[in-house]
Amino acid sequence: MRHQDRYLQISRVLTRHGLGYFIDALGLERWVRPDFQRIGRSSDRERYTRAQHVRLVMEELGPTAVKIGQILSTRPDLLSPAFQHELEKLQDSAKPVPGDVIRAAVREELGAEPEELFAEFADTPLASASIGQAHAAVLADGSEVVVKVRRPGVVEEVEGDLEILRALAVQASRRWSVAADYDVVGLASDFADTLRAELDYLQEGHNAERFGKNFAGDPDIRVPAVHWDTTTSRVITLERLRGMKISDTEALGRAGVDRSLLAARATRLLADMVFEHGFFHADPHPGNFLIEPDGRIGLLDYGMVGEVDERSREQLAMLLAAFDRRDPARIAAAFATIGITEHRVDRVRLTADTAHLLRTYEGLPLGRLKVGDVVRDVLAILRRHHLALPRNLALVVKMIVMTEGLGASLDPDFQLGRILGPYARRLVRRHLDPLALARRVRQAGVDTAALGVELPGQLVRLLDVLDRDGVAVSVRTDELEPLVARVERIGNRLVVGLVASAGIGALATIISTDADRLRPHEAKVTAVGVAVVGSLTAYLGWTARGQRRRR
């Protein structure tokens, strides 16, 4: 079997850390040997929490698992805070690749020795991560650059692990109800796409260039230039930025940087990315910010980004408008519309949970409102109802929480709500703008017209199937039990009578029209369509009356 050794390693590591329930959920029990069980029992599991064990497992399983853990940490809608915070600790570091191997990779990819391409090229790396290794270099014109080289063999290693990840996700979706609720197969596919994008340095270069264009002329941010003549999918050359780490408060103080102003500036830039540009940096941790002496922000690492498309803007605006009205039913409806789930949403419970959330923060002025706390409470409600956010909105939420933490580390009096408030209000105003409403109504009209054009053809195909094959219906008995009980109480004759009368009424309507102008097949299709609609209408009216009587 392919990847047999890797399956054995995964099973062994999970067992050693006391995560046997994952063994069953992932279908790995056949790989567990008796000696694995002894290892698991002899380990000192009490030293760590379950969340810590998960992080340690990721670290032991190597680069792909570490990257997946980091990506998973950007999904607060899926993880409780304890697991999220542990996975945020995963460090993307690795043993350095020898200099001669890096030189060989540069030569193979760019067609010349590093000394021929650069005036200087340092063998000692600036940083060594699981996917690539960064080296300082100098161009012929004296410009300082950073050359990042992808590790040899990492693509093959990652692709093998991603194949295993998909297989395990399929097993988990069949064996574990939580995995089925959150569509882990789809999540695994999203993780794979994100990780593959990080492997492609051409994509990172295009991301950096796009940020540079978005912020062209902005004096508060500096995006490194991409040197395309020495950039490929395996090697990227970027302008080298120098400055202080944003987390080094002592250095910022010595340089005379106003930390309160810096916190507001960084937040404004990140808010512009989401609400104005629709293209944002999805990993704004302190290590990706360098602060120049004049307070300008240098932004690093463009491998993980997010986009807010028109649909995402509509979803955000819908949710913000519902919160603005303090209407729990509207908020619950927005949650149900935006969230992804395999289950029916209990709107009554969801509305009750939302009402409790509103009461919790009722009366608090914006200055005292901790956005991170509100976001965490909202995410807890979503998890309780098995609702997952679309990936791009999950990244937005993660970025907002990280931004508030970054701002608070610079300024104890930092108030994210004051900065985000105007952006949110502008987004809601655009959503409710008459032109925007007219555009949505026009689109709805187009969709309706398209449905009207397609419906006769669909009915023709339905009739052909009915004539040729008949109908086979597959139902779940647990879903039909309440309906069956209701029908038994009222009686089958009433149902049959209602449906039959609706069908007869529909056919009578057809006969009373200019049926002679229709071709026989068209008349047949139209009659069936009207009869079906009439029958369903009658049936729905009957059920609605029954529900009103029960209330």
Side-chain angles (χ1 to χ4, degrees), residues 3 5-6 61-68 70 91-163 192-212 222-243 283 287-288 290 298-305:
H3 312 304
D5 291 342
R6 187 62 164 160
L61 290 178
T64 307
V66 167
K67 295 301 294 186
I68 290 172
Q70 289 176 330
Q91 298 298 312
D92 189 12
S93 59
K95 184 179 178 180
V97 177
D100 58 335
V101 176
I102 292 295
R103 287 173 171 273
V106 171
R107 183 172 59 250
E108 179 182 341
E109 196 67 16
L110 300 180
E113 294 291 341
E115 286 77 13
E116 298 176 48
L117 300 165
F118 307 99
E120 297 178 23
F121 186 88
D123 283 335
T124 303
L126 293 171
S128 183
S130 58
I131 288 177
Q133 188 161 293
H135 291 256
V138 178
L139 299 178
D141 63 2
S143 302
E144 290 187 313
V145 295
V146 174
V147 182
K148 192 157 60 171
V149 183
R150 196 171 65 200
R151 284 174 169 267
V154 71
V155 172
E156 295 76 12
E157 179 183 348
V158 168
E159 287 297 337
D161 280 348
L162 290 179
E163 186 177 331
D193 291 342
T194 301
L195 191 47
R196 289 189 181 107
E198 291 199 49
L199 288 169
D200 183 1
Y201 287 155
L202 284 174
Q203 183 61 56
E204 182 173 348
H206 289 304
N207 292 341
E209 192 169 64
R210 184 171 172 183
F211 277 111
R222 187 173 178 187
V223 177
V226 182
H227 294 271
W228 289 106
D229 54 342
T230 49
T231 293
T232 68
S233 63
R234 190 178 176 189
V235 176
I236 185 171
T237 304
L238 296 165
E239 175 188 6
R240 185 174 185 181
L241 305 185
R242 292 186 178 273
D283 193 22
N288 284 334
L290 286 180
L299 191 60
L300 307 176
D301 194 355
Y302 299 89
M304 188 182 296
V305 298

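Numbers here are sequence positions counted from 1.
Between R196 and V158, the closest side-chain pair of non-hydrogen atoms is not below 4.5 Å. In this structure the side chain of D301 reaches within 4.5 angstrom of the side chain of E204, judged on heavy atoms. With a 4.5 Å cut-off on side-chain heavy atoms, P96 and Q133 count as touching. Within the 4.5 Å cutoff, no side-chain heavy atoms of Q70 are placed close to those of M304. Counting heavy atoms from C-beta on, the side chains of H206 and V226 never come closer than 4.5 Å. Side-chain contact check for F121 versus I102: some heavy-atom pair is nearer than 4.5 Å. Residues V145 and L238 have side chains not in contact (no heavy-atom distance under 4.5 Å, counting atoms from C-beta outward).
In terms of heavy atoms, W228 sits closest to G205 at CH2-C, 3.6 Å. Pairing each heavy atom of Y201 with each of G132, the nearest pair is OH-CA, 3.3 Å. Minimum heavy-atom separation, A105 to R234: CB-NH2, 3.5 Å. Here the closest non-hydrogen pair linking S233 and D200 is CB-OD1, 3.4 Å. Of all heavy-atom pairs between P224 and L241, the closest is CD-CD1, 3.9 Å. Closest of all the heavy-atom pairs between S130 and V154 is O-CG2, 3.6 Å.
With values rounded to the nearest 0.5 angstrom, F118 atom CZ is found 6.5 Å from L110 atom CG. Taking CD1 of I131 as the start and OG1 of T64 as the end, the distance is 8.0 Å to the nearest 0.5 Å. Residue N207 holds its CG atom at 11.0 Å from CG of L202, rounded to the nearest 0.5 Å. Atoms CG and CG, on L300 and L290 in that order, are 4.5 Å from each other to the nearest 0.5 Å. The CG atom of D161 sits 7.0 Å away from atom CD1 of I68, with the distance rounded to the nearest 0.5 Å. Distance check, rounded to the nearest 0.5 Å: NE2 of H135 to OG1 of T124 gives 8.5 Å.
Contact check on R150 versus E109 returns no salt bridge, with no Lys/Arg side-chain nitrogen under 4.0 Å from an Asp/Glu carboxylate oxygen. Under a 4.0 Å N-O distance rule, the pair R151/E157 does not qualify as a salt bridge. A salt bridge is absent between E116 and R107; no separation between the charged side-chain nitrogens and carboxylate oxygens falls under 4.0 Å.
A donor-acceptor pair under 3.5 Å is formed between the side chain of T237 and the backbone N or O of T230. Side chain of N288 to main chain of D283: a donor-acceptor pair is present (N/O by atom type, distance under 3.5 Å, no hydrogens or angles).
The only option from H227, E120, E144 that meets the side chain to side chain contact (heavy atoms under 4.5 Å, CB included) definition with L139 turns out to be H227. Remark: of the listed residues E115, E108, E113, E115 is the sole one forming a side-chain hydrogen bond (donor to acceptor under 3.5 Å, both in side chains) with R103.
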